Amino acid sequence: ENNIPDAPGIPSIATYFGTKGRYEEVNPYLINDILAVNETLPLLPSTDCRAVHLTAVIRHGTRYPTTKNVKKMRHFYDLVLSSASDWMQNVSLSQWEMWYTEDMDGRLARKGQEDHTHLAQRLAKSFPTLITEQNLRSGRIKMITSSKHRCVNSTIAFKRGLMTYFNIEGEEFDHEVNDALMRFFDQCDRFIAEVEKNKNALMEVENFHSTPEMKRVFEKIADRLKVPYSAITADMAEAAFYFCAYAFAIKSVNSPWCQLFDYADAQVMEYADDLKHYWKRSYGHEINSKSSCNLFHDVFTRLDKAAFDHRSGQVSEAVTVQIGHAETLLPLLTLLGLFKDITPLTADNFAKQSGRAFRAGRIVPYAGNLVLVLYDCPEGSRLETRLNEQPLMLPKTDTYFPLLEEVKRHYAELLQGCDQKAECALPHVRPQTAV
Ligand SMILES: O=P(O)(O)O[C@H]1[C@H](OP(=O)(O)O)[C@@H](OP(=O)(O)O)[C@H](O)[C@@H](O)[C@H]1OP(=O)(O)O
């Protein structure tokens, strides 16, 4: 798989890998220079603005498949080995060994460490007055992580990137494990009951598997493998897609497994992945985004505090880096009203949704990151938002640097409400609101 003859480096379908996609496909300029930063970013409205605080919420880096998916991949591999050895021969896979094991269980790959080490250096280059050696040494750069191994190891890699950038050796900088913030979905009873444990919550995903578009993908895979149509189920097609996506993300190789999909097939597979995230982590159910109220308030409380502290002299926390999951970022971005399509994503409107805003692989690829930067300007505090190092305009604003007060006005209802305890209480035990 590492040295396939005449296979171009990047699979033609690499932009459709969804949340199994590389960060580089979102920012292709990084392929030639992994430390490049986008120099052509919009400028602040006035030159007397000073960066005061930066918050980054970041997904872990490239990881191995979860145990659940390794099982599907093993099942598919056994099917191909027993019934499609000719195909394996034809695409030079006959010597290929199934190298995925269940104990990988979503652990961070070496590429995932590099993702974060490089991201840390790019962010330090982009924000030289906030991510400084002085702030790092004086504990004004705070790091918070999910307890999951892939996030802790991403945090360690991020810190290593900063130490490399500042030529620091041998020092240890601490981080805080905080699942209430980074894995809030695990502690939201209403989300667990109404979405996580409710199979009807993902009905659109299930229904999509029975649509003509998806069935055509299964048939084409079966035709390529010369196996019966009945052998290729949604799980088998997903496993085949993962053989292609993970080989590329983890080993940067264009695996022959990718030859089981053409563009049309990959777009259907991406939509199936987007349907899952839309209904499990985003606009599909209101509790998805409301389960991130704690994180929402944490971000805005800290922005307010930094603005106040700056006016009174010393900002105690210049930078906060919070490392979590796709399911940490997607609910928060949904609460902020970002990437919302007019028409919800459903099983029956794939064809009309080709131009949709909600494409999880463009929003939360491995190492996907939301960065909020607070500036102190003569006219007041301004807030800059970037996603995956690109400028992002918040809903209802027409500038990349809106006044913080304007942003807070737009989110006033959430800032005054969005009470995690109340939102996550199971309906029959919801606390009585004061009359
Ligand atoms: O389909 P898998 O098992 O990979 O789904 C994972 C999630 O991966 P994603 O769907 O986002 O690519 C994983 O999110 P991550 O950001 O940590 O990679 C999540 O933590 C894991 O529980 C699985 O999500 P699921 O909703 O439980 O299927």
Side-chain angles (χ1 to χ4, degrees), residues 16-23 25-26 57-76 100 102-109 111-112 115-116 145-155 179 182-188 191-192 194-199 201-202 204-206 209 234-246 248-250 269-282 284-285 287-288 291-292 295 322-334 358-370 388:
Y16 301 116
F17 289 157
T19 50
K20 303 334 190 233
R22 290 192 319 176
Y23 192 79
E25 263 58 59
V26 174
V57 185
I58 310 174
R59 184 184 179 201
H60 57 76
T62 304
R63 63 169 177 76
Y64 291 103
T66 53
T67 302
K68 170 181 72 176
N69 284 336
V70 170
K71 288 176 177 169
K72 291 179 186 176
M73 294 162 83
R74 158 68 63 188
H75 183 182
F76 179 64
Y100 300 95
E102 290 188 24
D103 61 0
M104 287 175 172
D105 192 22
R107 293 187 181 286
L108 195 70
K111 172 63 167 58
D115 294 336
H116 270 254
T145 180
S146 144
S147 60
K148 273 279 185 186
H149 38 64
R150 52 182 169 273
C151 297
V152 175
N153 290 331
S154 293
T155 302
D179 280 347
M182 308 319 296
R183 292 185 62 87
F184 46 76
F185 38 87
D186 281 346
Q187 306 178 18
C188 182
F191 170 78
I192 293 165
E194 296 184 1
V195 180
E196 182 76 50
K197 295 199 167 133
N198 172 11
K199 66 179 183 343
L202 299 187
E204 293 297 337
V205 185
E206 289 310 311
H209 293 159
D235 276 356
M236 293 299 95
E238 200 179 293
F241 204 54
Y242 290 161
F243 273 128
C244 170
Y246 279 113
F248 183 54
I250 296 168
M269 296 303 289
E270 181 196 36
Y271 191 72
D273 184 58
D274 282 344
L275 275 174
K276 173 206 168 184
H277 290 96
Y278 184 90
W279 288 94
K280 188 166 187 180
R281 308 292 178 187
S282 187
H285 301 287
I287 187 58
N288 294 345
S291 64
S292 69
L295 182 57
Q322 301 176 313
I323 296 177
H325 306 266
E327 63 269 24
T328 312
L329 273 155
L330 284 173
L332 177 63
L333 293 165
T334 303
F358 190 83
R359 289 185 66 193
R362 321 290 302 158
I363 303 167
V364 279
Y366 294 125
N369 54 91
L370 173 70
N388 304 327

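Index from 1, following the sequence. Whatever order the structure lists ligands and atoms in, that order sets their numbers, starting from 1. All values reported here derive from a predicted model rather than from experimental measurement.
Heavy atoms only, all atoms of each residue included: S292 and F184 are closest at CB-CZ, 3.5 Å.
Counting non-hydrogen atoms of neighbouring residues, nucleotides and ligands closer than 6.0 angstrom, the NE2 atom of H149 exceeds 12 such neighbours.
Two residues are said to be in side-chain contact when any heavy atoms from C-beta on lie closer than 4.5 Å; N288 and Y278 fail this criterion.
A donor-acceptor pair under 3.5 Å is absent between the side-chain atoms of R281 and the main chain of L330, judged by distance alone.
A distance of 11.0 Å separates CG of D115 from CD1 of I58, quoted to the nearest 0.5 Å.
Closer than 4.0 angstrom to ligand 1 sit non-hydrogen atoms from T19, K20, R59, H60, R63, T66, K68, N69, R150, Y242, K276, H277, K280, R281, H325, A326, E327.
Below 30°, between 30° and 60°, or above 60°: for Y366 and H60 the angle between ring planes is between 30° and 60°, a tilted geometry.
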